[in-house]
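Chain letters run A, B, ... following the sequence lines, proteins first, then strands; residues in each count from 1. This is a predicted model, so every value here is computed, not measured.
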Amino acid sequence: MILNETIYYELKNILDPKSIAVIGASKNKDKWGHMVLDSLVKGGYMGGLFAVNPKEKEILGVPSYPSLLDIPQDIDMIDICVPSHTIPEILRQASEKKVKSAVIFSSGFRESGENDLEQEVLAIAKNSNIRIIGPNIQGINYLPTKLTNVAYPLTTKEGCIGIVSQSGSISATLSEWGEKENLGISGLFNLGNQIDFCESDFIEFFLEDSNTKVIALYLEGPSNNKRFKDTLKRAFAKKPIVVLKPGRTDIGKKTAASHTGSIAGDDKVFTFACRQYGIIRKFDMTSFYDTVKIFTIRNYTKGKRVLIITTSGGAGSLAADELVDAGLEIPTLSMDAIKELKTNITLPGVNLKNPLDLTLAPYEIWGRTIEVLKKYEDQFDIYLFALADPIPKIEILVEELSESTDKPICFCYMGSGDCEIEGRNYLNSIGIPVYPSPERAARSLGDLVWYSNAGGNKI
Amino acid sequence: MSCCLVEPKAVKLLESYRIDYPESKLAKSFSEAVEIAENIGYPVVLKIVSPDIVHKSDIGGVKVNINTKEQLIYHYNEMISRIVKNNPECNIEGVFVCKQVDEALELIIGSTCDDIFGQVIMFGLGGVFTEVIKDVTFRVCPIDKEEALKMVQEIQGYEILKGARGKQPLDIESLCNLLVKVSRLVYEKDEIEELDLNPVRLFSDKVIVLDARIITR
C-alpha cells in the first residue's frame, strides 16, 4: 500500500537527521534540556549537534547559540524542551530555518487544558511542513542512526524490538530491561499528545523497518480508532505485535482514562479482537517483556513438540507443566534416540527421557548429547534448555547448534552467577532468548507457537 | 437517538438474512390472533408489540404455553388490558403470535458497536451461564465460518454442545452459519447499535432464534 510506504519513508528520513538543535539545552542536570543533550552526546549521535541557550557558549561540549536562527548551519531536527507558550515562536523560527521535524518534549498543552495553544502549534507546523513528534513526551530513540533522543534513560544496545508507548515510564523500563540483558531495541517512540504522528504511524514504520522484528506496544487507548483497527489487521501478516494494555478493571480503566484521556472501548472486546487479529495481548510488565523477548528468537515454528534439556528435575518438571498448560507437547523420544544417548552419556543420575535431565554432566557430555539430539530432530520442534546450574561456555555449544538447525532454541538460566550472566547476555544477543525461570520461558514459547499458528507469515 | 425495533420488524430483518425464527405474525385483535394461531398450530406464545417496551417479559408482556383458542382469547385480552392500564404512555401495536418451540439448550448471541473495532458479535451459553460464569466470547464483524467455529470452541460450555455424557451432539454446523449471518447483518446494517438474540435454542438438527431485540441509532 502506497500510504504505508509513504509513512515509512517519511519517518525513516526524519529518524536520520543530519543535524539536531536542542532548544532549551541546559547545564542544569535536573532539566530535560540537559538530559536530552546528554543522551545524544553519550549515545554517539554522529550528525551536527547544537544547543540553543542564550546564557551559554557551550554545554556538554556542544556549541550553544542564543537562538535557533543564530546557528550557522542547516538544522534538520529540533528538540524542544522549553515552556509550551514559547513554542509557537520557536516553530516560526524553525520554519524560517527550514527545519524538517520537531520533537516536542514540553508539556502544557491539551493535557493542561491548553487546547488553543496545541492547535496553534499544529497549524504553524502544518504551514511550515514541519512534522511533529509529541508534544508531552519523554523522547524517541532509533538506534540504527544512533538517534538517542530521550530525556533518559539512555540505552544504546541495538536489537530488534520496536517500542511504541503511551507511557514514558513503561517504554523506559522495557528498554532498560532489554539493555541490562543485552537484548536491545531497534527504536522507541513515546506518543504523548500525538498532534501530528500517531500510534498507527509508528506501528506502520516498525512493520516496514528491516531492523525491527517485533513490536512492543503499550496502549491505553488509540488516538485514531479506525486507523488503529486497520493497522492491527494488517500487522498480523508482517510482524508480531505484543500489546500491554491496562483497563481490565473499572478502576484500571478510569486511571488510564485520566492519564492519557483515552477511551479504549470495551476491554473484553479488545482481548478477543487481538486474538482474532493474531496480536498478543498482555496484562502485566513481566509477561509483556517475556513475550516481546521470545519474538527475537532466530526461528519461529508452528510445531508444538518441545524437547526439554535440563540440569534439574525441578526445573524440568516446572517447564513441562507450564508448556502443557500453554498448549504445547512434551514428546517421548524414540527407543533408538534413547539408546544412542545412553551410549554417549555414562553418568549416574541422568534421566534420558523428555525432560532430558543431564544433572551435573560436564561440558563434553553436553556437546555429545547435542550432537546425538540433532540426529533425531524429526521428533521435536523446539529446543528448551532449562539450566538450574551454571555450565561454563554452554553458550558456545548452543550457538553452534543454532547454526545447524532451523528449530527455535529457547534458554533458561535460573542462577545469576557471573558465568550465567555472561552466557545469558551472549545468547540474548544472537536470537536465543534467555529467561530466569522455566515457567517464564515456557509461557513465552506458548505465545510464539500461538502466533505462528494464528497465521503469522514468518514461519 | 436510539430506538428499539418492534419484534415483527426485527424478525423481518433476521429473515432477510435467512435466520430462522418460529412461524409468527402480528395480531391487532383477538380474532386475528385466533386466526393466526389456528394457521400455525398450537401451542403458541404471545408477545406484546410496542416500540416503547424494550424488555417485554419484565412487564409480563410474554405468555407461553397457550394450547387452546379459549386460553388464547383469555390471555390476549388480559395482557392487553393489563399493560394498557399499567403503562398508559405506551403505544401498543398489537400482539405477536409465535409458534412455540420445544425446550433445548439456550444460547445467547448479541452485538455491540465498539469504539475501536466497530460492530462486534458476542456469543455464549444463555441463561444462568451468561449471568453467573460470563461464558461469552467476542469477534469483530464480519466473521467467516472458520472464525465462528473458533468462537464456539472457545467457550467453556463447548463440551455440552458436543454432547457431553452420552447426550446427542448439537447442531454446531447450523450454529456457526447463524453466527456468520448475524455478523454480516450487523456489519452491513451499521445503524444497528445493539442486537440481542436471547434465547437462541440449539437442537441436534437446527438452531432457532426465539427472541430478537434490535436497537438502532
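- Other residues, nucleotides and ligands contribute over 12 non-hydrogen atoms within 6.0 Å of the OH atom of Tyr158(B).
- Classified by interplanar angle (parallel below 30°, tilted 30° to 60°, perpendicular above 60°), the ring pair Tyr451(A)/Tyr300(A) is perpendicular.
- A cation-pi arrangement, defined by a distance under 6.0 Å to the six-membered ring centre and an angle within 45 degrees of its axis, is absent between Lys239(A) and Phe206(A).
- Along residues 276-288 of chain A, the residues that come nearer than 4.5 angstrom to chain B, judged on non-hydrogen atoms, are Gln276(A), Tyr277(A) in order of number.
- Within the 4.5 angstrom heavy-atom criterion, atoms from both the backbone and the side chain of Val140(B) approach chain A.
- Taking CD1 from Ile203(A) and CG from Leu217(A), the interatomic distance works out to 4.5 Å, rounded to the nearest 0.5 Å.
- Ion pairing of Arg227(A) with Asp201(A) is present here, as a side-chain N (NZ or NE/NH1/NH2) and a carboxylate O approach within less than 4.0 Å.
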Counting only pairs under 3.5 Å, give me each side-chain donor-acceptor contact of residues 319-327 of chain A, with atom names and distances, residues two or more places apart or in other chains.
residue, atom, partner, partner atom, Å
Glu322(A), OE2, Arg443(A), NE, 2.9

